[in-house]
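For this chain, numbers begin at 1 and follow the sequence in order. What you see below is based on every heavy atom in this structure, not just the backbone, and it leaves out hydrogens, waters and symmetry mates.
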Amino acid sequence: MTKFAKSLTHNSRFLSDLQFAERIGVHRTTIWRRMREDTNFPKPVKLSGGCSRWRLGDVEAWENSLAAA
C-alpha cells in the first residue's frame, strides 16, 4: 500500500492537486496541464478563492475509463 493510499480515509471526498498527482505518479503541474489539454481529464471543483479540489469519485471514474480502454 502506498503512502497516498494510507492517507485516504473512508470519508475522504476530495483530492488536492498534490494528492491527485501522487496518485497517478506525475508532478502536480502535470495535473493542471492535462486538465487544460485533455477534455476527458477530471475537472476540479472550486471550493473557495484559492482552493480547488478533485472529487475522488470523478478521479476513480476517470481511472476506470482508462482501464476499460
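Using a 4.5 Å heavy-atom threshold, the side chains of Trp32 and Pro44 count as touching. Residues Val45 and Arg13 fail the side-chain proximity criterion, which asks for heavy atoms closer than 4.5 Å. The shortest distance between side-chain heavy atoms of Arg53 and Ser16 falls below 4.5 Å.
Residues Asp38 and Lys43 approach most closely at O-NZ, 3.5 Å, considering heavy atoms.
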What side-chain donor-acceptor pairs closer than 3.5 Å can you find for residues 57-69, not counting sequence neighbours?
residue : atom : partner : partner atom : Å
Glu63   : OE1  : Arg23   : NE           : 3.3
Glu63   : OE1  : Arg23   : NH2          : 2.8
Glu63   : OE2  : Arg23   : NE           : 2.7
Asn64   : ND2  : Glu60   : O            : 3.2
Ser65   : OG   : Trp62   : O            : 2.7

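Between the NE2 atom of His27 and the CG atom of Leu18 there is a distance of 8.5 Å, given to the nearest 0.5 Å. To the nearest 0.5 Å, atoms CD1 (Ile24) and CZ (Arg34) are separated by 5.0 Å.
Between Phe20 and Phe41, the angle of the ring planes stays under 30°, which puts this pair in the parallel group of the 30/60° scheme.
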